[in-house]
Protein chains: 2
Amino acid sequence: MSDPPDLKRESILSAAQTQFSRYGFRRTSMEDIAKETGVSRASLYSHFENKEEIFRTLSAQLQERSLEAAEARLKDEASTPDVSARVEAALLARLTPFLEVVAQSAHGSEIYDENSRLCGELVLASSERFLGMLTTAMAAAARSGEIDLKSAGLTAPAAAELIHLAATGLKQSADVATLEKRVRGFVRVFLAGLGA
Amino acid sequence: MSDPPDLKRESILSAAQTQFSRYGFRRTSMEDIAKETGVSRASLYSHFENKEEIFRTLSAQLQERSLEAAEARLKDEASTPDVSARVEAALLARLTPFLEVVAQSAHGSEIYDENSRLCGELVLASSERFLGMLTTAMAAAARSGEIDLKSAGLTAPAAAELIHLAATGLKQSADVATLEKRVRGFVRVFLAGLGA
DNA sequence: AATTGACAATCCAGCCTCGAATTGTCAACC
DNA sequence: GGTTGACAATTCGAGGCTGGATTGTCAATT
């Protein structure tokens with residue numbers, strides 16, 4: 001099921017994340033990453049093609065993890081019987097890592113730009129995947145009668161899109177605590193509006 | 001009530017808007033604006049201090065107009081007895097001009113950046129003012145019993161903030177028609193969630 | 001008073017150089 | 001296999017220079 005994790009690779013990624021967060025992408029040199037890892041610069045090239053690949057790997061890992069966490073929250077009907085609570089948890093799982101990287105680091109906007117440049121398609125694809133999850137969840141909740149899309153005049157994709165776009169706006173929060181409060185408030189009201 | 005409108009100033013502003021939209025702020029010269037207005041470049045300086053002031057005036061006018069329109073929609077309880085419909089109309093009045101400038105022009109992002117740089121405080125203040133209007137509207141609707149904030153666990157400012165932030169996300173629409181559809185869907189569901 | 005052409009001052013994109021920092025790739029080593 | 005120091009190639013920012021475009025300000029004109 002799970003591949004054997006490459007410890008050295010992981011330690012390099014962890015060191016790189018630390019340095020990127022501290023200095024941004026451009027101002028972090030391979031030397032910095034090597035030193036933080038405790039290894040020579042040359043050996044980094046045994047594990048990654050170059051700095052961009054380290055960054056892309058890190059970004060992909062973050063995306064993947066947040067998507068998996070979000071999906072898990074959406075699917076966990078056993079311990080969270082409420083759609084509203086599942087959507088809330090999924091949005092937080094998806095948004096929190098982003099906020100921690102971008103709003104936490106002094107170089108958040110630079111990192112954000114580099115991410116668009118180096119991983120633009122991945123970001124887009126992840127966004128689509130998340131939208132797909134939400135759509136599935138909305139459709140399922142409509143089928144089970146937990147929400148009523150028809151009387152709202154919406155389809156499942158349209159409802160998912162609204163939640164997704166609204167969440168994009170809510171991302172503009174200064175810290176995780178604020179984000180949590182806002183997401184909770186938003187999801188409760190919005191899903192209540194759908195009859196949840 | 002209304003100041004006598006300075007026709008020459010208005011015609012300069014109109015010409016400038018055309019050119020800014022066509023070429024962006026930096027690539028539009030005073031010569032361009034003068035030619036479009038049909039006067040000499042020198043005479044522009046009889047009416048405006050410089051290019052930045054023309055831009056700022058244009059931006060302020062746009063902000064002011066969208067705010068006034070939004071406020072009018074919110075206050076028009078006579079012809080629009082529904083809070084939901086008023087909020088929907090107000091959001092559209094506020095967002096549409098923005099979308100027309102930014103999403104329409106090929107230089108939208110440059111204009112957006114210059115606007116932040118030259119009119120940052122104004123943009124912020126306008127945003128606050130709009131948030132204030134929404135807060136007032138929410139509070140009034142709660143007072144009249146048209147919505148129920150308490151059972152949603154929200155205050156009027158919190159509810160207004162959620163609507164405002166969500167609208168920020170909805171702004172990411174490719175055209176006005178899409179924006180309208182989304183705002184309508186969002187507002188109906190959200191206000192329904194508040195018991196409207 | 002508003003408008004204008006003309007003038008001097010300023011800005012700015014392009015281009016060059018320079019040198020230090022950084023990169024990617026070895027052969028040698030463990 | 002992975003690791004390393006060392007090497008050559010490349011990148012990158014600072015700085016300076018140039019010419020053309022653009023700006024802001026006149027005194028003269030209507």
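Per chain, numbering begins at 1; letters A, B, ... match sequence-line order.
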To the nearest angstrom, the CZ-C1' distance between Phe25(A) and dT11(D) comes to 13 Å
Do Ser66(B) and Arg94(B) have a side chain donor and acceptor closer than 3.5 Å?
yes
When we call it a touch if two heavy atoms are under 4.0 Å apart, what does Ser29(A) touch: a base, just sugar-phosphate, or nothing?
sugar-phosphate
Which whole-number value in Å describes the distance from Phe55(B) CZ to dT23(D) P?
15 Å
Taking atom C1' of dG20(D) as reference, at what distance in whole Å does atom CD of Glu31(B) sit?
15 Å
Return the value, rounded to whole Å, for the distance between atom CD of Glu52(A) and atom P of dT10(D).
17 Å
Take atom CE of Met30(A) and atom P of dT11(D), then tell me their distance rounded to the nearest Å.
16 Å
Parallel, tilted or perpendicular, judged at 30° and 60°: which one describes the rings of Phe190(B) and Phe186(A)?
parallel
Consider the side chain of Ser40(A), meaning its heavy atoms from C-beta on, and name the nucleotide among dC26(D), dG5(D), dT3(C) that approaches it most closely.
dG5(D)
Spell out yes or no: do the side chain of Arg41(A) and the base of dG24(C) have one donor N/O and one acceptor N/O closer than 3.5 Å?
yes
Whole Å only: how far is the CZ atom of Arg26(A) from the P atom of dT11(D)?
14 Å
Tell me: CZ of Arg27(B) to P of dC12(C), nearest whole Å?
12 Å
Taking the basic N atoms (NZ, or NE/NH1/NH2) and the acidic carboxylate oxygens, is any pair closer than 4.0 Å for Glu114(B) and Arg56(B)?
no
Of the nucleotides dT4(C), dT3(D), dT25(C), which one has an atom closest to the side chain of Tyr45(A)?
dT25(C)
Between dT4(C), dC26(C), dT3(C), spot the one nearest the side chain of Ala42(A), thanks.
dC26(C)
Establish, with yes or no, whether the OP1 or OP2 oxygen of dG2(D) is under 4.0 angstrom from a side-chain nitrogen or oxygen of Ser43(A).
no
Aromatic plane relationship, Phe25(A) with Phe55(A) - under 30° parallel, 30 to 60° tilted, over 60° perpendicular
perpendicular
Rounded to whole Å, please give me the gap between OH in Tyr23(A) and P in dA21(C).
16 Å
Can you see if the side chain of Lys51(B) gets near the phosphate of dT23(D) - specifically, an N or O under 4.0 Å from OP1 or OP2?
yes
Side chain of Asn50(A): nearest nucleotide among dT4(D), dT3(D), dG24(C)?
dG24(C)
Is the distance between the ring centroids of Phe130(A) and His164(A) under 6.0 Å?
yes
